[in-house]
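Here's the structure we're looking at; comments come further down.
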Amino acid sequence: MAQARVKARARGGSPFGERFAVFAECLLTGVWIAVACLGLVTYPAAFAAGARHLRRRTGHLAGGLREFVADFRAALRGGWVVGLAGWAAAATVWVDVRAAWGGIPGGAFVGTVGLCALLGAVVALLRAAAVWTPDARWRTLLADAGRRTLLDPAGSFLILAGPAVLALSAWFVAPLAVPALGAVVAAAVAVEERSRRR
């Protein structure tokens with residue numbers, strides 16, 4: 001809090017103004033992420049580029065749309081495979097849930113396990129994207145993020161609340177889901193920063 005005041009005064013603004021500027025940047029980043037996700041398998045790269053942009057913004061470093069696009073292209077090199085695997089996992093869970101609804105013996109258990117695994121994978125993906133850098137490999141990022149997902153259940157729960165808020169936003173007013181994507185990524189960045197400092 002004191003550091004925020006010092007930084008804000010150094011730039012001639014108030015702490016409230018600084019926090020509002022970060023919030024506004026999250027919403028703008030959500031729009032950029034939504035556009036970058038239009039490729040269907042590009043969502044990991046979009047989240048990674050958005051997270052890096054927000055880390056730059058909170059670190060008071062220069063960066064805008066041009067840097068976001070450069071990061072997106074760099075993250076896309078291995079990120080599209082992660083995106084494809086994510087869709088395959090979602091399709092598998094959908095089949096499991098349909099089996100549970102169909103009354104297959106043991107289907108409810110398998111569907112529940114599959115759904116929990118998918119939620120864990122979403123959290124791990126967001127954690128990996130939150131710490132992505134251009135020289136990082138997705139396989140390593142995801143393995144480390146998977147461990148942090150299990151070892152930091154409080155942080156994982158906080159990250160999981162982001163997609164829940166996103167779903168509720170889309171349910172109430174669908175266009176709200178677009179800028180809310182930035183808030184989801186910001187939550188993952190904040191949780192990872194919290195984990196790093198512990």
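Predicted, not measured: the structure shown is a model, and the values here were computed from it.
- Rounded to the nearest 0.5 angstrom, L160 CG and F157 CZ are separated by 7.5 Å.
- Taken together through direct or relayed side-chain contacts under 4.5 Å among Ile, Leu, Val, Met, Phe, Trp and Tyr, L181 and V69 form part of one hydrophobic cluster.
- Taking the six-membered ring for Trp and thresholds of 30 and 60 degrees, F68 and W32 have ring planes inclined between 30 and 60 degrees apart.
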### Task
Give the C-alpha distance, both sets of side-chain angles, the deciding distance and a yes or no for side chain to side chain contact (heavy atoms under 4.5 Å, CB included) between R57 and T29.
CA-CA 11 Å; R57 177 65 180 86; T29 303; over 6 Å; no
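- The pair D71-R56 meets the salt-bridge criterion, since a charged nitrogen lies less than 4.0 angstrom from a carboxylate oxygen.
- Formation of a donor-acceptor pair under 3.5 Å by the W138 side chain with backbone atoms of A75 is found in this model.
- Distance alone, capped at 3.5 Å, is enough to place a donor-acceptor pair between the W87 side chain and the L40 backbone.
- Shown here is R73, whose CZ atom has no more than 12 heavy atoms of other residues, nucleotides or ligands within 6.0 Å.
- Looking at T149, its side chain never comes within 3.5 Å of a backbone N or O of S156 through a donor-acceptor pair.
- Taking all atoms of both residues into account, the shortest heavy-atom contact from A51 to V189 is CB-CG2, 3.7 Å.
- Here the closest heavy-atom approach between residue A124 and residue A145 is recorded as O-CB, 3.2 Å.
- The two residues A129 and P44 make their nearest non-hydrogen contact at CB-O, 4.4 Å.
- Each of L119 and L168 belongs to its own hydrophobic cluster when Ile, Leu, Val, Met, Phe, Trp and Tyr are linked at side-chain heavy-atom distances under 4.5 angstrom.
- Cluster membership check: L125 does not share its hydrophobic cluster with L150, using side-chain heavy-atom separations under 4.5 Å among Ile, Leu, Val, Met, Phe, Trp and Tyr.
- Counting all heavy atoms, side chain and backbone alike, A128 lies closest to R148 at N-NH2, 4.5 Å.
- The minimum heavy-atom distance between V93 and G114, with the atom names listed, is CG2-O, 3.3 Å.
- Taking every heavy atom of both residues into account, A74 and P134 meet most closely at CB-CB, 4.5 Å.
- Expressed to the nearest 0.5 Å, how far CG of L76 lies from CZ of F72 amounts to 5.0 Å.
- When the side chains of ILVMFWY residues are joined at heavy-atom separations under 4.5 Å, either directly or via intervening members, L28 and V178 end up in two distinct hydrophobic clusters.
- Between E67 and R52 there is no salt bridge, since no side-chain N of the basic residue sits under 4.0 Å from a carboxylate O of the acidic one.
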### Task
Determine, stepwise, if the pair L126 / V191 fulfils side chain to side chain contact (heavy atoms under 4.5 Å, CB included).
CA-CA 10 Å; L126 287 169; V191 166; over 6 Å; no
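- Contact annotation: the side chain of T58 never approaches that of E193 to less than 4.5 Å [non-hydrogen atoms, C-beta and beyond].
- If you chain together hydrophobic residues whose side chains sit under 4.5 Å apart, V184 and F172 never meet in one group.
- Side-chain contact check for V131 versus R196: every heavy-atom pair is 4.5 Å or farther apart.
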### Task
Carefully, step by step, assess H53 and I33 under the rule side chain to side chain contact (heavy atoms under 4.5 Å, CB included).
CA-CA 11 Å; H53 173 73; I33 291 170; over 6 Å; no
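- The distance from atom CZ of R55 to atom CG of L61, rounded to the nearest 0.5 Å, is 10.5 Å.
- Ring-plane geometry between F47 and Y43 is classed as perpendicular, the angle between the planes exceeding 60 degrees on a 0 to 90 degree scale with a lower cut at 30.
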